Amino acid sequence: LRELTVHLPGRDLSYRVLVAPGLRASLAQHFKALDLPRRLVVISDRRVSRLHGDQVLTGLEVGGFKPELLTVAPGERSKNWATVQALTRELLARGAHRRTPLVALGGGVVGDLTGFLASLYMRGVPLVQVPTTLLAMVDAALGGKTAINLPQGKNLLGTFHQPRLVAIDPEFLQTLAGKERKNGLAEVLKAGFIRDADLLAHLQTVRPRIFREPEVLADTIFRAVAIKAAVVAADEREADLRRILNFGHTLGHALEAASRFRLPHGQAVAYGMLAALEISRRFAGLAADACAFGQRLIREFGLATRPLDLPRQAVLAALPLDKKREGAGLVLVLLRELGESVIQTGVPLSLVAEVLEQME
Ligand SMILES: NC(=O)c1ccc[n+]([C@@H]2O[C@H](COP(=O)([O-])OP(=O)(O)OC[C@H]3O[C@@H](n4cnc5c(N)ncnc54)[C@H](O)[C@@H]3O)[C@@H](O)[C@H]2O)c1
């Protein structure tokens with residue numbers, strides 16, 4: 001078992017993150033240590049519950065809990081008000097009260113949705129995150145951000161609600177599709193780029209066997225988790241430090257938008273990181289060999305392997321330019337060195353345009 005505590009200063013909101021192959025069968029033991037009430041509600045999507053629900057629920061029952069399962073349709077379209085309302089009705093019908101824990105069993109969609117509901121139901125109930133995608137394990141389940149989407153855009157309604165526990169079982173990933181694995185790998189690489197050059201070297205070494213060897217996978221996940229945990233612990237509310245988590249994402253979001261969301265998120269972030277590395281070389285003093293190593297690593301993982309085929313004007317138009325100040329440029333997370341990020345203001349749009357052109 002690998003574990004760490006996310007220490008949140010000044011308040012009693014700290015929580016443990018556990019990483020262990022097979023953990024899904026022994027959740028009860030860890031729930032008991034937290035003194036959680038025996039009746040609890042597991043929220044999942046129908047794909048995850050079909051694949052893994054029985055095992056998780058049986059484990060909890062054998063361990064003395066009385067879990068009930070609520071499911072939603074898989075995918076981003078469940079992150080909305082209608083689903084929150086439907087789940088609320090179910091919770092009320094089942095007599096859930098203000099101490100009833102909600103357990104999010106699923107990817108980032110289930111995690112965000114369950115977290116959002118847990119922060120509002122009866123003014124807030126305990127939340128446990130049991131992430132089942134790589135992206136949720138290394139990113140979405142940590143940090144306490146919750147959200148649903150609105151017709152006007154993604155994640156526009158949200159809260160902060162820290163989990164009581166994050167329980168990560170890498171074996172869930174055995175059933176995860178390759179495309180979803182790549183979404184998570186982009187975030188693992190990002191963690192290395194912003195804070196930990198050793199993680200990048202580790203990734204280069206273990207790449208061919210990362211999903212084949214359980215201990216390698218657990219170790220890799222734990223290292224990425226440790227980075228996100230350190231960042232969110234130092235800065236719970238995103239004031240400043242947490243912005244480094246946006247490495248590759250500002251450009252990535254613009255690419256996603258310009259592709260009308262046809263480009264998968266992980267690929268968009270990967271192209272965003274490729275561009276951010278090149279911009280770092282030209283504008284933040286990143287050494288040429290470090291830039292080349294980072295770009296090669298992204299490609300070796302099968303991310304961003306083709307030339308970027310998007311209308312450049314549409315990408316530029318989707319960037320969050322500082323419109324208040326004429327010619328002020330962009331704020332981007334760049335790297336001074338691998339593992340050392342800076343929040344750079346005044347990055348000229350012309351430079352971004354030039355770098356995008358190279359990627360076509
Ligand atoms: N709160 C945060 O800090 C944060 C951070 C990053 C992303 N997010 C959010 O996370 C969401 C994306 O998360 P995601 O990529 O996990 O998407 P997701 O939850 O939609 O999962 C992707 C797909 O994988 C399936 N799946 C999940 N686990 C599986 C498993 N073990 N085996 C087989 N299939 C499985 C799901 O049914 C779904 O179809 C977005 O809504 C994003 O906004 C939140």
Side-chain angles (χ1 to χ4, degrees), residues 6 17 21 23-24 42-56 71-80 83-84 104-119 127 129-150 153-163 166-188 190-191 211 217 221 224-225 227-229 231-232 235-238 242-249 252-253 256-257 261 264-269:
V6 179
V17 184
L23 185 63
R24 65 195 179 290
V42 177
I43 298 179
S44 191
D45 76 35
R46 286 193 262 287
R47 177 174 294 120
V48 175
S49 71
R50 179 167 47 75
L51 291 165
H52 302 289
D54 280 352
Q55 228 174 349
V56 169
T71 61
V72 301
E76 194 67 36
R77 70 202 153 95
S78 284
K79 254 177 73 170
N80 61 19
T83 313
V84 171
L105 174 68
V109 164
V110 167
D112 275 11
L113 178 69
T114 307
F116 185 77
L117 180 60
S119 71
L127 169 70
Q129 292 281 4
V130 184
T132 64
T133 64
L134 182 56
L135 181 131
M137 290 175 185
V138 301
D139 190 0
L142 300 149
K145 279 211 240 172
T146 90
I148 59 170
N149 303 327
L150 294 179
K154 277 194 67 176
N155 297 328
L156 290 181
L157 218 47
T159 57
F160 276 91
H161 191 62
Q162 301 298 338
V166 180
I168 299 175
D169 183 347
E171 287 179 1
F172 281 128
L173 303 182
Q174 285 167 358
T175 56
L176 192 69
K179 159 169 116 355
E180 301 298 342
R181 288 179 176 184
K182 284 187 181 177
N183 284 337
L185 282 170
E187 299 300 335
V188 175
K190 180 195 78 181
F211 287 105
L217 185 57
I221 290 170
V225 163
I227 292 163
K228 171 124 192 201
V231 172
V232 297
D235 184 358
E236 189 209 340
R237 288 205 178 227
E238 195 151 13
R242 197 169 174 154
R243 284 161 66 190
I244 67 173
L245 297 169
N246 286 334
F247 178 69
H249 283 57
H253 287 150
E256 260 184 308
F261 294 88
H265 179 73
Q267 295 282 332
V269 169

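Indexing begins at 1, ligand by ligand and atom by atom, following the structure's order. Keep in mind that this is a model prediction, so the values were computed, not measured.
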Fill in: For Lys79, all residues meeting salt bridge (charged side-chain N to carboxylate O under 4.0 Å, His left out), sequence neighbours excluded
Glu76, Asp112
Worksheet item: Listed by chain and number, what are the salt bridge (charged side-chain N to carboxylate O under 4.0 Å, His left out) partners of Glu171, not counting sequence neighbours?
Response: Arg24
Worksheet item: How far apart are the closest heavy atoms of Ile221 and Pro170, and which atoms are they?
Response: CD1-CB, 3.8 Å
Worksheet, complete the sentence: ring pair (Phe, Tyr, Trp, His ring centres under 6.0 Å) filter on His52, not counting sequence neighbours, yields Phe172
Worksheet item: Near ligand 1, which residues have a heavy atom under 4.0 Å away from one of its atoms?
Response: Asp45, Arg47, Val48, Leu51, His52, Pro74, Glu76, Lys79, Gly107, Gly108, Val109, Asp112, Thr132, Thr133, Leu135, Asp139, Ala140, Lys145, Lys154, Asn155, Phe172, Thr175, Leu176, Glu180, Lys228
Worksheet item: Among side-chain atoms of His249 and Glu187, is any donor-acceptor pair under 3.5 angstrom?
Response: yes
Worksheet item: How long is the span from the CD1 atom in Ile148 to the CG atom in Leu117, to the nearest 0.5 Å?
Response: 10.0 Å
